[in-house]
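The structure appears right after this line, and notes come after that.
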Amino acid sequence: ILILSTMPGSSLPRTVFPDWDKFVHLAEYLIFGFLAVKSMKRITPISIFFIIVGGVVFAGLDETWQSFRPGRDASTTDMVADGIGFIIGSMIASKGDLIY
């Protein structure tokens with residue numbers, strides 16, 4: 001994720017759809033959330049809560065990092081897509097493995 005965030009804006013592909021990147025953000029953070037939860041030994045509601053908070057904080061730091069790259073900017077809507085993707089990925093990964 002950080003490697004993609006480091007790329008300058010001029011190296012990113014241009015498309016016909018102006019908001020296509022929201023789907024990319026959602027997909028990459030969905031995978032990130034899934035892998036984050038699957039890396040845990042015990043999956044409890046409190047651990048899911050903290051991993052989601054950590055993922056959303058990471059998304060904010062990632063957007064801030066992008067704002068320092070030429071041709072890139074920080075976007076609240078990108079961060080929302082990141083957070084939604086992370087939450088969905090976390091929930092998919094924890095389904096059936098949650099210990100109460």
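Below, all heavy atoms of this structure are taken into account, side chains as well, without hydrogens, waters or symmetry copies. Counting from 1, the numbers follow the sequence of the chain as shown.
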Can you check side-chain contact (heavy atoms from CB on, under 4.5 Å) on His25 and Val80, steps first, answer last?
CA-CA 9 Å; His25 280 267; Val80 168; over 6 Å; no
Report yes or no: do Met40 and Ile52 belong to one cluster of Ile/Leu/Val/Met/Phe/Trp/Tyr joined by side chain heavy-atom distances under 4.5 Å?
yes
Is there a path of hydrophobic side-chain contacts, each under 4.5 Å between heavy atoms of I, L, V, M, F, W or Y residues, that connects Leu30 with Val37?
no
Over 60° means perpendicular and under 30° means parallel, so classify the ring planes of Phe58 and Tyr29, tilted if in between.
tilted
Applying side chain to side chain contact (heavy atoms under 4.5 Å, CB included), can you list everything that pairs with Val24, at least two apart in sequence or on another chain?
Trp20
Sub-4.5 Å side-chain heavy-atom contact between Asp82 and Glu63
yes
Non-neighbouring partners of Phe34 that pass side chain to side chain contact (heavy atoms under 4.5 Å, CB included), sequence neighbours left out:
Lys38, Ile92, Ala93
Quick one: do Phe50 and Leu61 end up in the same hydrophobic cluster if we chain Ile, Leu, Val, Met, Phe, Trp and Tyr together by side-chain heavy atoms under 4.5 Å apart?
yes
Excluding sequence neighbours, so at least two apart, what forms side chain to side chain donor-acceptor pair (under 3.5 Å) with Thr77?
Ser75
Which atom names give the shortest non-hydrogen contact between Gly83 and Val56, and what distance separates them?
CA-CG2, 4.2 Å
Among all residues two or more places apart in sequence or in another chain, which pass the side chain to side chain contact (heavy atoms under 4.5 Å, CB included) test with Leu26?
Ile84
Residues passing the side chain to side chain contact (heavy atoms under 4.5 Å, CB included) test with Ala27, sequence neighbours excluded, are none
For Ser47, which residues count as a side chain to side chain donor-acceptor pair (under 3.5 Å) partner, sequence neighbours excluded?
Thr44
Show the nearest heavy-atom pair for residues Phe86 and Ala36, with the distance to one decimal.
CZ-CB, 4.1 Å
Hey, any chance Met79 and Val57 share a hydrophobic cluster, counting ILVMFWY side chains that come within less than 4.5 Å of each other, even indirectly?
no
Under a 4.5 Å side-chain heavy-atom rule over Ile, Leu, Val, Met, Phe, Trp and Tyr, are Ile87 and Ile51 clustered together?
yes
To the nearest 0.5 Å, what is the distance between CD1 on Ile43 and OG on Ser90?
9.5 Å
